[in-house]
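What follows is one structure encoded as structure tokens, with my remarks underneath.
Heavy-atom basis, side chains included; hydrogens, waters and symmetry copies ignored. Position 1 is the first residue of the sequence; numbering continues from there.
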Amino acid sequence: MLAAACSSPRIATVDEDQEFRRASISADSILSAIPDYSLSLKTIEGKGKAIVSEPGNTERVTVYFSGNRQKSLVTIKNTLGIEGGQILSEGDSLLVYNKVDKIAHRISVRDDQMTSVQHLASVNILKMMNFVPQADRVKNVYESQDRYLLLLETGAEVFVDKNGFNVRRVDQPRSTGLPYSRIIYEAYGSIGGFNLPRRVTIFSADAQSKVALLIQSLEVNPGNLDLEIDLPNDVKFVTQ
């Protein structure tokens, strides 16, 4: 997707539509300026409206989310306010509870059959909201007129605003095996002293599906989060 190369002008992925050259600033300087709340932002809780787009289908849902740095819990309601289910992310796996059909199952975050909402839930919500690249993973640094581009050893691309040093986009190649191919961050604002995005769009690994989440309310560092799914006794637990 990107040539690793040299000092000649280069173009990033097509929809960036910008010319990138070797940067005049070091990776360490950029990384030190990116807001990093890994020590101070410990829990998060919020609500948002999401547009779920899959081939042949688009749906609007309400998403309730909460999480710490180990777990994330997402609850989905349809346009009528009916709760359809919950998804608990515990790192490498998801516990999916279909409340309507009274079925629960556990799947890997690398499962190719995941739905768009499951792709959103598979990424740790708190870490997604404050994505910070690891310094030892940065291979090359490029810049355009208004953005820096960090090219990681994995082939991932991280686009950072020159104004404010906010992460604007993260692209992951299929070779990483991650459940998403792209995350786009927009509408940054101050929330409880933290500069966080209010619009997040996440694309599936095959880029055929996406969830566009508009965050309506957000609480940082709430206490006593219940990050478990309370499954009723009559729920059928199915295996994949």
Side-chain angles (χ1 to χ4, degrees), residues 33-52 60-99 104 106-107 109 114-134 161 164-170 178-180 183-202 210-232 235:
I34 295 175
D36 183 356
Y37 307 128
S38 56
L39 297 180
S40 54
L41 182 57
K42 300 179 179 179
T43 58
I44 199 167
E45 186 172 31
K47 170 188 173 183
K49 293 291 186 182
I51 300 177
V52 182
R60 296 177 183 270
V61 298
T62 300
V63 176
Y64 297 83
F65 58 88
S66 55
N68 55 29
R69 294 190 175 272
Q70 290 74 46
K71 294 183 177 182
S72 297
L73 179 64
V74 172
T75 301
I76 303 100
K77 291 185 178 181
N78 64 17
T79 54
L80 299 177
I82 300 174
E83 185 176 316
Q86 293 179 291
I87 305 172
L88 177 66
S89 171
E90 299 178 282
D92 292 335
S93 67
L94 301 178
L95 175 60
V96 182
Y97 170 37
N98 183 326
K99 190 173 184 179
R106 190 176 295 278
I107 62 174
V109 297
M114 285 200 305
T115 66
S116 294
V117 173
Q118 289 169 1
H119 281 110
L120 171 65
S122 68
V123 183
N124 182 283
I125 295 291
L126 194 151
K127 293 179 181 178
M128 179 185 72
M129 294 289 289
N130 180 222
F131 182 88
V132 181
Q134 294 180 346
D161 252 344
F165 289 89
N166 292 315
V167 173
R168 289 295 182 175
R169 197 177 99 192
V170 179
L178 292 171
Y180 68 94
I183 301 179
I184 297 175
Y185 299 94
E186 300 174 279
Y188 275 86
S190 180
I191 304 169
F194 299 96
N195 191 37
L196 300 171
R198 299 304 291 261
R199 287 199 300 268
V200 180
T201 304
I202 183 167
K210 68 178 180 179
V211 177
L213 176 65
L214 173 61
I215 298 172
Q216 297 175 304
S217 63
L218 188 64
E219 183 179 357
V220 294
N221 289 330
N224 301 317
L225 291 181
D226 183 9
L227 299 177
E228 300 292 341
I229 296 180
D230 186 15
L231 296 175
V235 165

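- Shown here for L196 and M129, the closest heavy-atom pair between the two residues is CD2-O, 3.7 Å.
- Between atom CG of residue L73 and atom CD1 of residue I87 there is a gap of 9.5 Å, rounded to the nearest 0.5 Å.
- A pairwise comparison of heavy atoms in G67 and L225 identifies O-CD1, 3.7 Å as the closest pair.
- Counting all heavy atoms, side chain and backbone alike, S66 lies closest to L227 at OG-CD2, 3.4 Å.
- The closest side-chain heavy-atom distance from I183 to F131 is not below 4.5 Å.
- Proximity of a side-chain donor or acceptor of N68 to a complementary backbone N or O of K42 within less than 3.5 Å is not detected.
- Atom CD1 of I229 sits about 5.0 Å away from atom CG of L88, to the nearest 0.5 Å.
- A distance of 14.0 Å separates CD1 of I215 from NZ of K49, quoted to the nearest 0.5 Å.
- No option in V52, N78, I51 other than I51 meets the side-chain contact (heavy atoms from CB on, under 4.5 Å) test with R60.
- Although no hydrogens or angles enter the test, the distance criterion places no donor-acceptor pair under 3.5 Å between the side chain of D161 and the main chain of G164.
- Residues Y188 and V167 come closest through the heavy atom pair OH-O, 2.6 Å.
- Taking each heavy atom of N130 and Y37 in turn, the nearest pair found is OD1-N, 2.8 Å.
- In this structure, CZ on R106 lies 5.0 Å from CD on E90, to the nearest 0.5 angstrom.
- Of the residues N98, T75, D230, the one that meets the side-chain hydrogen bond (donor to acceptor under 3.5 Å, both in side chains) test with Q86 is T75.
- The ring-ring contact (aromatic ring centres under 6.0 Å, His included) check on Y97 picks up nothing, with sequence neighbours excluded.
- Counting heavy atoms from C-beta on, the side chains of N166 and P35 come closer than 4.5 Å.
- No side-chain donor-acceptor contact under 3.5 Å links S89 and K71.
- Remark: the backbone N or O of L41 is paired with a side-chain donor or acceptor of R69 at under 3.5 angstrom.
- Side-chain N or O atoms of T43 include one that pairs as donor or acceptor with a backbone N or O of P222 at under 3.5 Å.
- The distance from the CG atom of L213 to the CZ atom of R198 is 10.0 Å, given to the nearest 0.5 Å.
- Here the closest non-hydrogen pair linking G48 and F65 is N-CE2, 4.4 Å.
- Checked by atom type and distance alone, the side chain of Y185 never pairs as donor or acceptor with a backbone atom of V170 at under 3.5 Å.
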